[in-house]
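The next block holds one structure in the form of structure tokens; read it before the comments.
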Amino acid sequence: MKTEILAQEDLSLAIDSLKQGELVAFPTETVYGLGASAFDEGAIRKIFAIKGRPADNPLIVHISSMDQVSLLAEEVPPEFLKLARAFWPGPLTLILKRKGSVPAICSAGLSTIAIRMPVHQVALDLIRGVGAPLAAPSANLSGAPSPTTAQDVLEDMDGKIPYILDGGPSAIGLESTVLSLVSPRPILFRPGAVSKEALEEVLGRSIDLANPATPALSPGMKYRHYAPKAAIRLVFNESDLKGPYTLPRITARNLYSELRKADRLGVPEVEIYCSSSVQTDPALMNRLLRASGALETTAASKRAS
Ligand code: TXA
Ligand code: MG
């Protein structure tokens, strides 16, 4: 299959392709996603096959309007509405109880469903055009850093999907915050651009951090995400940078593209300086610790998406 990068003017080709059960990569404000129509079981199967994604790692479903929530979720609790009002469209994924009509494979068999309304206009136009929510993990091969440009997607998906929609470089550069609302207290599964404090402020109560010792709650936590081929060494004093390959000025926006660049160059080790502004960004530190292997749980020598 020939893979083509499409400009936004050619959106209709991407829409037709998704309607016919093909996969299309598309831009969001966090990272690029690999989309399939959420009610097309065969297309979702292709996502797992093409990425090499473990069958127990569930997908996020992307919507373009609030009326699509009731297609996906069994119940819509008041706290969900509060958070959606405050942070959607945007980099927040909320987990609710899954409706029986949503293919179980979408959630890797879990009784829950992860939902997000992205703010990127191309993503919203695509979902509207298809007329159905889109299930989409990050558009990388399982284990590789998430893609933040159409070119990054091509690096991993060339020959595997018909189209990559180009929406420019991702504005945020790290995956969305993931919050579960199915337990008595909300649980933060993945830190992202929407902070724990901002969520607590809107909810008016504290939320729990997911316990990495019980990864079954959020299967993605047990895999070594975001891992480049090079070994990562985190350095906390600038004067300790030895080289030869160093990244002295990492940000949320440039982390994944810098890791991809290092892998293209084939360097064996990357030293990353964690300045105080890096250290105080929980989402960025989470990805750095995972990329370095420091956050792996016992089950996590496996690599995943
Ligand atoms: O920013 C993002 O969230 C990007 C863009 C494309 O929207 N997507 C993304 O998807 O990062 P993915 O598949 O790479 O990561 C989804 C994470 C995984 O850690 C997965 O385990 C978790 O969300 N997840 C999805 N559904 C879940 C569920 N029902 N229960 C618990 N965790 C879930
Ligand atoms: Mg991913």
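Ligands are counted one by one from 1 in listed order, and the atoms in each one are counted from 1 as well.
- No more than 12 heavy atoms of other residues, nucleotides or ligands lie within 6.0 Å of CD in Gln151, so this atom counts as exposed by the packing criterion.
- Those atoms of ligand 1 with a heavy atom of Ser176 less than 4.0 angstrom away are 1 (O), 2 (C), 3 (O).
- In the vicinity of Pro137, heavy-atom distances shorter than 4.0 Å reach the ligand 1 atoms 10 (O), 12 (P), 13 (O).
- Among Glu175, His62, His120, Arg53, the residue whose heavy atom lies nearest to atom 13 (O) of ligand 1 is Arg53.
- Under 4.0 angstrom from ligand 1, the non-hydrogen atoms of Asn57 all belong to its side chain.
- In terms of N/O distances under 3.5 Å, ligand 1 is not approached by Lys51.
- Under the 4.0 Å criterion applied to side-chain N and carboxylate O atoms, Glu29 and Arg116 are assigned as salt-bridge partners.
- The pair Lys82-Glu79 does not count as a salt bridge, with every side-chain nitrogen at least 4.0 angstrom from each carboxylate oxygen.
- Taking every non-hydrogen atom of Phe189 and a distance limit under 4.0 Å, the qualifying atoms of ligand 1 come out as 31 (C).
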Problem - Derivation of the side-chain hydrogen bond (donor to acceptor under 3.5 Å, both in side chains) call for Ser146 and Glu175 - result: CA-CA 8 Å; Ser146 294; Glu175 305 84 350; 2.6 Å; yes
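- Under a 4.0 Å criterion applied to the non-hydrogen atoms of Ile95, ligand 1 contributes the atoms 27 (C), 28 (C), 30 (N), 31 (C), 32 (N), 33 (C).
- Taking every heavy atom of Val31 and a limit of under 4.0 angstrom, the matching atoms of ligand 1 come to 4 (C), 6 (C).
- Listed by number with element, the atoms of ligand 1 under 4.0 angstrom from any heavy atom of Ala114 are 25 (C), 26 (N), 27 (C).
- The shortest side-chain heavy-atom distance between Arg264 and Glu155 falls under the 4.5 Å cut-off.
- For the side chain to side chain contact (heavy atoms under 4.5 Å, CB included) criterion with Ile161, the lone passing option out of Val24, Ile50, Asp156 is Ile50.
- At a heavy-atom cutoff of 4.0 Å, ligand 1 is contacted by the side chain of Arg190 but not by its backbone.
- Residue Thr28 places no N or O, backbone or side chain, under 3.5 Å from any N or O of ligand 1.
- Checking only distances, Thr30 does come within under 3.5 Å of ligand 1, N or O to N or O.
- More than 12 heavy-atom neighbours from other residues, nucleotides or ligands sit within 6.0 angstrom of NZ on Lys46.
- Summarising the contacts of atom 6 (C) of ligand 1 with Gly33, Ser107, Pro58, the nearest heavy atom is found in Gly33.
- Legend: residues meeting side-chain hydrogen bond (donor to acceptor under 3.5 Å, both in side chains) with Asp281, ordered by chain and number and at least two apart, are absent.
- In this structure, the side chains of Phe26 and Asp125 stay at 4.5 Å or more apart for every pair of heavy atoms.
- Under a 4.0 Å criterion applied to the non-hydrogen atoms of Thr112, ligand 1 contributes the atoms 28 (C), 29 (N), 30 (N).
- No more than 12 heavy atoms of other residues, nucleotides or ligands shown are found within 6.0 angstrom of CZ on Arg249.
- Residue side and main chain included, Ser138 places an N/O/S atom under 2.8 Å of the Mg ion (ligand 2).
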